[in-house]
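Take a look at the structure below.
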Amino acid sequence: MRAYDLILKKRNGYALDRAEIDYIISGYVDGSIPDYQMAAMAMAIYFRGMNKEEALSLTEAMVNSGDTISLSPIPGTKVDKHSTGGVGDTTTLVLAPLVAAAGAPVAKLSGRGLGHTGGTLDKLESIPGFKTELTMEELINAVREVGVAVAGQTGNLVPADKMLYALRDVTATVDSLPLIAGSIMSKKIAAGADALVLDVKSGDGAFLKELSQARELAKMMVDIGNGAGRRTMAVITSMDQPLGRAVGNAIEIEEAILTLRGEGPPDLEELCLVLGGWMLKLAGRASEPDEGKLILKKCIENGEALEKFKDLIRYQSGNEAVVDNLSLLPRADEQLEVKSEFSGYVSRLQAEKIGIAAMTLGAGRVTKDSSIDPAAGLTVEKKIGEKVEQGGTLATIFFKQGTDPGTVQNAVKMIRDAYEIGNSKVDEPDLILDYIEGDGQGNE
């Protein structure tokens with residue numbers, strides 16, 4: 001078997017079998033297949049795509065390139081959730097303790113952010129003392145003890161993905177759906193959960209702008225998950241405007257706490273109830289997702305979800321007092337209200353521009369080596385369909401004292417540019433766009 005022959009085969013539009021894909025991935029990881037040949041294969045996949053069997057074989061070959069995690073010491077069906085990312089995407093911070101409060105164990109491996117805002121780990125580290133680096137034994141003990149843990153990736157999980165992503169990043173092959181699906185699903189499968197709910201974003205603030213592409217990716221990932229023996233489904237959700245009101249790190253922790261109190265933004269709460277309802281169904285804790293939603297709603301109302309978040313923080317060495325005293329979270333030195341130049345109704349709110357504005361203030365990373373200001377960010381005061389007066393506040397930005405005035409004004413301009421104000425009231429966009437279940441079919 002030669003890499004050249006397999007590149008030619010894929011370039012000419014033929015499917016690769018499992019042994020051929022295993023050969024390519026193992027050879028790339030051990031160095032016998034050089035970067036230039038793997039780059040050629042990635043480009044061939046980009047143009048020719050992969051069928052259902054190829055995508056599963058690719059994912060499993062990537063899983064087998066390194067360590068895998070066994071969550072078998074934790075009793076019950078372990079359930080996980082993955083979001084393809086967006087602006088103000090606070091869901092993990094709410095979902096992990098909420099679902100755990102309903103009796104489904106959640107062992108979540110998360111990452112750091114590059115772009116709009118910090119990742120889940122960056123957000124959690126804005127809680128004083130919170131420890132995100134856990135050994136595998138500590139992670140399992142935490143879930144056995146309190147039902148939930150959220151930590152960074154440990155060990156040598158999926159080295160093929162790290163190598164391949166770095167190569168895709170410099171060869172214009174990042175946006176290949178089979179390679180995206182393989183990257184996401186290999187990490188989730190290696191992390192050991194029994195069941196997985198995928199939140200696939202579509203719209204202005206998502207990396208997949210078109211609904212058709214989001215559906216295709218969701219179907220591919222659901223097929224991979226079920227093919228690998230994991231109960232998997234996907235919810236396709238809108239990212240045409242930020243989710244919730246907060247975009248940042250500490251301010252998203254605050255919003256998550258408010259949501260667990262039952263005082264959060266309605267769209268954030270609803271999405272968490274929908275995703276969580278499916279998580280409980282797949283974990284065998286509810287017969288249907290709607291029953292799961294009712295269980296989760298009760299966990300918010302009786303305070304169990306908030307207590308579970310305290311347990312999570314305490315077990316991971318954080319200051320649990322932040323749950324009752326939000327002023328203990330990092331606070332920005334300065335804040336500024338962004339005023340509207342027009343009266344009317346918000347007809348469009350470009351999520352991506354809002355995210356980039358937050359990043360320029362220090363809430364996200366421009367490069368992987370950039371530092372994050374946990375207190376920086378913004379709150380969206382007006383969303384699509386809401387009335388605004390001339391001189392009324394569109395958003396409030398938070399930043400460090402001494403921030404370059406040009407940077408602040410640039411953020412203000414981006415926020416104003418993100419808003420379109422019309423004369424007529426428009427409907428709020430649908431939050432849930434589709435469901436993709438085990439047969440790979442949509443259920444609009």
Between Glu291 and Lys281 (salt bridge meaning N to carboxylate O under 4.0 Å), is one present in this structure?
no

Check whether the side chains of Lys209 and Ser202 place a donor and an acceptor atom closer than 3.5 Å, and report yes or no.
no

Considering only distance and modelled atom types, tabulate donor-acceptor pairs under 3.5 Å from the side chains of residues 187-195, sequence neighbours left out.
{"residue": "Lys187", "atom": "NZ", "partner": "Asp161", "partner atom": "OD2", "Å": "3.4"}
{"residue": "Lys188", "atom": "NZ", "partner": "Asp80", "partner atom": "OD2", "Å": "3.0"}
{"residue": "Asp194", "atom": "OD2", "partner": "Lys78", "partner atom": "N", "Å": "2.8"}

Is it true that, when you exclude Asn325 itself, more than 12 heavy atoms of the residues, nucleotides or ligands shown sit nearer than 6.0 Å to its CG?
yes

Got more than 12 heavy atoms from elsewhere within 6.0 Å of NZ, Lys387?
yes

Rounded to the nearest 0.5 Å, what separates atom CD1 in Ile415 from atom CG in Leu378?
5.0 Å

Just one of Leu329, Val322, Thr90 clears the side-chain contact (heavy atoms from CB on, under 4.5 Å) bar with Glu254, so which one?
Leu329

Quick one: does Arg168's side chain have a donor or acceptor within less than 3.5 Å of a partner on Val174's backbone?
yes

Between Pro374 and Asp122, is any pair of side-chain heavy atoms under 4.5 Å apart?
no

Please report the interatomic distance OG1(Thr171) to CE(Met38), rounded to the nearest 0.5 Å.
9.5 Å

Acceptor/donor pairs from residues 95-104 side chains to any protein atom, 3.5 angstrom cut, sequence neighbours excluded:
none

Heavy-atom donor-acceptor pair, Asp311 side chain to Val146 backbone, under 3.5 Å:
no

Side chain to side chain contact (heavy atoms under 4.5 Å, CB included) involving Leu294 - partner list, sequence neighbours excluded
none

Treating Asn410 as the side-chain partner and Gly406 as the backbone partner, does any N or O pair qualify as donor plus acceptor under 3.5 Å?
no

Considering residues at least two apart in sequence or located in another chain, which fulfil the side chain to side chain contact (heavy atoms under 4.5 Å, CB included) criterion with Lys353?
Gln350, Asp417, Ala418

Measure the CG-CE distance between Leu58 and Met62 for me, rounded to the nearest 0.5 Å.
5.5 Å

Residues in side chain to side chain contact (heavy atoms under 4.5 Å, CB included) contact with Ala218, at least two apart in sequence or another chain:
Val200, Ala234, Ile236, Ile436

Only one of Gln316, Glu125, Glu138 clears side-chain hydrogen bond (donor to acceptor under 3.5 Å, both in side chains) with Lys131; which?
Glu138

Just jot down the salt bridge (charged side-chain N to carboxylate O under 4.0 Å, His left out) partners of Glu381, sequence neighbours excluded, or say none.
none

Output all residues satisfying side chain to side chain contact (heavy atoms under 4.5 Å, CB included) with Asp35, sequence neighbours left out; order by chain, then residue number.
Tyr28, Leu167

Would Thr393 and Glu337 count as having a side-chain donor-acceptor pair, cut-off 3.5 Å?
yes

So do Met50 and Ile45 actually touch side chain to side chain, heavy atoms under 4.5 Å?
yes

Would you name the heavy atoms of Ala357 and Thr360 that are closest together and state the gap between them?
O-OG1, 2.7 Å

Heavy-atom closest pair, residues Leu93 and Phe309:
O-CE1, 4.1 Å

Would you compute the distance between atom OG of Ser238 and atom CG of Leu243 and round it to the nearest 0.5 angstrom?
9.5 Å

Quick one: which residue pairs count as a salt bridge (charged side-chain N to carboxylate O under 4.0 Å, His left out) with a foot in residues 269-279, not counting sequence neighbours?
Glu269-Lys297, Glu270-Lys293

Look up atom NZ in Lys219 and atom CG in Leu198, then write down how far apart they are to the nearest 0.5 Å.
14.5 Å

So for atom NZ, which belongs to Lys383, do other residues, nucleotides or ligands contribute more than 12 heavy atoms lying within a distance under 6.0 Å?
yes

Please determine whether the number of non-hydrogen atoms from other residues, nucleotides or ligands lying under 6.0 Å from atom CZ of Phe342 exceeds 12.
no

Has Asp404 got more than 12 heavy atoms of other residues, nucleotides or ligands less than 6.0 Å from its CG?
yes

Please step through side-chain contact (heavy atoms from CB on, under 4.5 Å) for the pair Phe398 and Val247, ending with a clear verdict.
CA-CA 10 Å; Phe398 303 91; Val247 184; over 6 Å; no

For residues Ser110 and Thr92, report the shortest heavy-atom separation together with the two atoms involved.
OG-CG2, 4.5 Å

Side chains of Thr237 and Asp199, donor plus acceptor under 3.5 Å:
yes

Restricting to non-hydrogen atoms, name the atom on Arg231 and the atom on Leu282 that form the minimum distance, rounded to 0.1 Å.
NH1-O, 2.7 Å

When rounded to the nearest 0.5 angstrom, what is the spacing between CG in Leu121 and CD1 in Ile372?
10.5 Å

Taking all heavy atoms of Arg314 and all of Glu320, pick out the closest pair and write down the distance.
CD-OE2, 3.0 Å

Taking the side chain as every heavy atom from C-beta outward, state whether Ile300 and Leu306 have any atom pair closer than 4.5 Å.
no

Tell me, with the steps shown, if Asp240 and Glu352 meet side-chain contact (heavy atoms from CB on, under 4.5 Å).
CA-CA 9 Å; Asp240 275 329; Glu352 187 169 23; over 6 Å; no

Do you know the tightest heavy-atom contact between Ala107 and Leu71?
CB-CD1, 4.0 Å

Taking only residues two or more places apart in sequence or in another chain, which ones pass salt bridge (charged side-chain N to carboxylate O under 4.0 Å, His left out) with Asp324?
Lys310

Could you work out, with salt bridge (charged side-chain N to carboxylate O under 4.0 Å, His left out) as the rule, every residue matching Arg11, not counting sequence neighbours?
none

Step-by-step side-chain contact (heavy atoms from CB on, under 4.5 Å) determination, Phe130 to Ile313:
CA-CA 7 Å; Phe130 195 96; Ile313 295 170; 4.3 Å; yes

Results of salt bridge (charged side-chain N to carboxylate O under 4.0 Å, His left out) for Glu334 - residues two or more places apart only:
none

Audit row: Val150, Thr120, side-chain contact (heavy atoms from CB on, under 4.5 Å) steps and yes/no:
CA-CA 9 Å; Val150 183; Thr120 299; 4.0 Å; yes

Using a 4.5 Å cut-off on heavy atoms from C-beta on, say whether the side chain of Asp175 contacts that of Phe207.
no

Give a yes or no on whether the backbone of Arg230 and the side-chain of Thr232 come within a donor-acceptor separation of less than 3.5 Å.
yes

Show every donor-acceptor pair shorter than 3.5 Å between a side-chain atom in residues 256-265 and any protein atom, with sequence neighbours excluded, or say none if there are none.
{"residue": "Thr259", "atom": "OG1", "partner": "Glu255", "partner atom": "O", "Å": "2.8"}
{"residue": "Arg261", "atom": "NH2", "partner": "Val323", "partner atom": "O", "Å": "2.8"}

Sub-3.5 Å donor-acceptor pair from the side chain of Lys81 to the main-chain atoms of Leu275, do we have one?
no

Hey, is the main chain of Tyr165 close enough, under 3.5 Å, to the side chain of Asp169 for a donor-acceptor pair?
no

May I ask you to check whether Lys201 and Thr84 show a side-chain donor-acceptor distance below 3.5 Å?
no

In plain terms, say whether Glu54 and Lys10 are close enough for a salt bridge, that is, a side-chain N and a carboxylate O under 4.0 Å apart.
yes

